[in-house]
Protein chains: 2
Amino acid sequence: MSANLTALATFSPLYQQIKAMLLASLQAGEWQPGEVIPSEFELAARYEVSQGTVRKAIDELTAQNLLIRKQGKGTFVATHHEERQQFRFLRLAPDGGQAMVLKNHFLSCKKMKAPAFITQVLKIKAGESLIEIERVQTFAGKAIVFEQIWLPSLRFKTLNLATLQAWAGPLYALYESTFATHMVRAEEKIKAVASDAMSAERLNLQLGAPILLVERVSYSYGNKPVEMRLARYETSTQHYENTLS
Amino acid sequence: MSANLTALATFSPLYQQIKAMLLASLQAGEWQPGEVIPSEFELAARYEVSQGTVRKAIDELTAQNLLIRKQGKGTFVATHHEERQQFRFLRLAPDGGQAMVLKNHFLSCKKMKAPAFITQVLKIKAGESLIEIERVQTFAGKAIVFEQIWLPSLRFKTLNLATLQAWAGPLYALYESTFATHMVRAEEKIKAVASDAMSAERLNLQLGAPILLVERVSYSYGNKPVEMRLARYETSTQHYENTLS
DNA sequence: CAGTGGTCTAGACCACTTC
DNA sequence: AAGTGGTCTAGACCACTGC
């Protein structure tokens with residue numbers, strides 16, 4: 001209310017506080033992915049603010065893809081099970097046209113001790129146990145993507161090769177369904193490299209053929225890094241797409 | 001007002017119409033990049049709507065980086081001369097750390113007839129005249145980027161090598177200052193390829209060394225494609241960064 | 001102090017969904 | 001018809017800038 005002094009209490013507008021509380025509820029799992037959250041008027045009553053203020057908080061959360069509005073129905077927690085969300089994290093497209101549906105081939109799923117470069121990224125203890133998944137993805141019978149995926153064993157205790165092979169759909173949807181983990185954001189670092197022996201074999205390329213090397217770190221609520229991937233894309237007939245604005 | 005029928009007039013909310021009118025003014029050059037636009041109340045009076053409606057229109061334009069709000073000062077037309085905007089279209093970062101400032105080396109600037117693959121992308125007539133620019137960018141003395149840039153001669157009539165070499169700052173700022181062209185958006189398609197003779201020479205690499213090949217098409221107001229680039233990035237000590245959300 | 005954008009409210013009405 | 005999000009308004013007040 002006061003705070004005329006030199007910004008002692010780091011003033012933040014009401015709708016930002018509401019947004020923070022909504023985020024806390026999402027993180028705590030009060031509303032699960034795919035579920036409706038209470039209506040704007042209910043939330044306004046709960047937080048004792050006007051509907052317009054709740055609305056502005058929800059506006060920002062929908063802009064970040066954490067919530068999805070559906071007129072007449074309500075506001076829903078975003079989920080990777082949703083049709084529209086399937087391609088949110090896939091930037092690969094065939095040179096001719098639209099998005100591509102890739103076929104999964106899981107090669108392995110093993111426990112391992114986390115190497116240093118992963119512990120740093122995932123902010124876990126040195127030597128903590130990880131699950132390492134190897135996957136190849138094909139399009140029209142041709143291997144396009146080979147990736148290694150690392151997850152903390154603690155959170156993904158029961159994950160195994162059989163589960164993966166039985167799963168149809170995006171990995172992130174599996175994480176939601178089975179491990180109560182919703183991915184919110186990812187950061188990628190991309191390089192062009194000469195394929196090493198393993199990548200060349202998996203992608204049926206000549207040793208040294210140029211491939212895209214994509215390092216991805218995915219974050220759940222609260223900026224928590226949960227998954228790290230090292231992906232190799234074969235880009236002779238497809239490319240990585242990006243829009244700058 | 002009516003429109004109970006099966007959507008004859010493609011109803012659009014007031015603030016969308018305001019947004020369209022603001023866009024038209026931007027495109028027509030009524031307010032130049034870097035200038036203030038009229039205050040929300042002035043615009044509300046002009047369009048005979050409430051200030052809140054204008055506000056919502058401006059909200060969307062700022063979200064698209066077309067306008068920039070500055071509390072207490074006004075709302076400004078976005079410009080590539082702005083400090084903050086310098087790195088908007090540069091996704092290259094050194095493996096260690098933050099954004100990198102690259103040094104320009106313009107190699108050539110020549111007129112040429114547009115090949116088919118460019119006429120399609122830039123939507124110009126077959127055989128129309130283009131300007132082709134070749135540029136190398138260095139960081140800490142090392143060549144990092146080699147690119148070819150194509151612009152329609154019509155719009156960029158007076159552009160020449162001397163002008164380019166005298167220019168300090170982003171190309172897009174030059175386009176604004178001298179050619180009344182503001183770039184709004186760009187789309188990139190990225191591949192890993194083996195460097196050809198020309199690229200290898202420009203980047204001091206061995207022939208065949210893997211490089212990132214980035215095709216970029218940049219758009220001005222009204223989704224008008226204006227510039228096409230083919231860039232090669234050397235990514236042994238830096239990478240292309242991207243955030244997915 | 002006046003002018004700008006930023007927040008917040010309260011209420012009216014529209015558009016879409018569901019029963 | 002009732003409930004949801006979506007639009008629009010009018011007015012009050014806050015925060016920042018510059019004269």
Side-chain angles (χ1 to χ4, degrees), chain A residues 1-22 31 34-78 82 84, chain B residues 1-22 31 34-78 82 84:
Chain A
M1 280 296 160
S2 64
N4 256 19
L5 312 184
T6 3
L8 224 172
T10 42
F11 162 81
S12 92
L14 251 186
Y15 76 88
Q16 290 286 2
Q17 301 174 36
I18 307 295
K19 187 182 164 189
M21 288 191 276
L22 292 174
W31 313 303
E35 288 182 6
V36 224
I37 70 171
S39 78
E40 295 178 351
F41 280 103
E42 278 183 75
L43 291 170
R46 173 192 304 196
Y47 300 125
E48 299 184 295
V49 297
S50 79
Q51 180 248 11
T53 300
V54 169
R55 187 169 183 76
K56 181 146 188 181
I58 293 180
D59 274 346
E60 297 209 345
L61 292 171
T62 54
Q64 297 174 46
N65 291 311
L66 295 177
L67 296 176
I68 297 178
R69 304 186 122 116
K70 297 186 184 173
Q71 187 173 149
K73 298 172 107 173
T75 301
F76 297 76
V77 182
E82 199 81 8
R84 321 162 147 195
Chain B
M1 281 296 157
S2 63
N4 256 19
L5 312 184
T6 3
L8 225 172
T10 40
F11 161 81
S12 92
L14 252 186
Y15 76 89
Q16 290 286 5
Q17 300 175 36
I18 306 296
K19 187 181 163 189
M21 287 191 275
L22 292 174
W31 313 301
E35 289 181 4
V36 224
I37 70 169
S39 78
E40 295 178 351
F41 280 103
E42 276 183 77
L43 291 170
R46 174 195 302 198
Y47 299 126
E48 299 183 296
V49 297
S50 79
Q51 179 249 10
T53 300
V54 170
R55 187 168 183 76
K56 182 145 188 182
I58 293 180
D59 275 346
E60 297 210 344
L61 293 171
T62 55
Q64 297 173 225
N65 290 312
L66 295 178
L67 295 176
I68 297 178
R69 304 186 121 118
K70 298 186 184 173
Q71 185 173 144
K73 298 170 107 176
T75 301
F76 297 77
V77 182
E82 200 81 8
R84 322 161 146 194

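Note that the coordinates shown come from a computational prediction; the quantities given were computed from them, not determined experimentally. All chains are named by letter (A, B, ...) in the order of the sequence lines, taking the proteins before the strands, and each is independently numbered beginning at 1.
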Minimum heavy-atom distance B:Lys73-B:Val36, with the two atoms named:
O-CG1, 4.3 Å
Write down the atom of B:Tyr15, the atom of B:Ala57, and the distance for their closest heavy-atom approach.
O-CB, 3.4 Å
Is there a residue in residues 63-76 of chain B whose heavy atoms reach under 4.0 Å of DNA chain D, and which residues are they?
B:Gln71, B:Gly72, B:Lys73
Looking at residues 45-59 of chain B, who's got a heavy atom less than 4.0 Å off DNA chain D?
B:Val49, B:Ser50, B:Thr53, B:Lys56
Just to be sure I understand the rule, does B:Phe41 reach a base, reach only the sugar-phosphate, or reach nothing, if contact means heavy atoms closer than 4.0 Å?
nothing
What is the distance, rounded to the nearest whole Å, between atom [atom1] of [X] and atom [atom2] of [N]?
X: B:Glu42; N: C:dT4; atom1: CD; atom2: P; answer: 6 Å
X: B:Leu43; N: C:dG3; atom1: CG; atom2: P; answer: 17 Å
X: B:Glu40; N: D:dT9; atom1: CD; atom2: C1'; answer: 15 Å

Among C:dT7, D:dT9, C:dT4, which nucleotide sits nearest the side chain of B:Leu14?
D:dT9
What's the closest nucleotide to the side chain of A:Pro13 if the choices are D:dG5, D:dC8, C:dT7?
C:dT7
A:Leu43: which of A:Leu22, A:Ile18, A:Thr75 passes side chain to side chain contact (heavy atoms under 4.5 Å, CB included):
A:Leu22
For the atom pair [atom1] ([X]) and [atom2] ([Y]), what is the distance rounded to the nearest 0.5 Å?
X: A:Lys56; Y: A:Ser50; atom1: NZ; atom2: OG; value: 11.5 Å
X: A:Ile68; Y: A:Glu82; atom1: CD1; atom2: CD; value: 5.0 Å
X: A:Gln16; Y: A:Leu14; atom1: CD; atom2: CG; value: 10.5 Å

Can you name the side-chain hydrogen bond (donor to acceptor under 3.5 Å, both in side chains) partners of B:Arg69, sequence neighbours left out?
B:Glu40, B:Asp59
Sidechain-backbone polar pair: A:Gln17 side chain, A:Ser12 backbone, donor-acceptor under 3.5 Å
yes
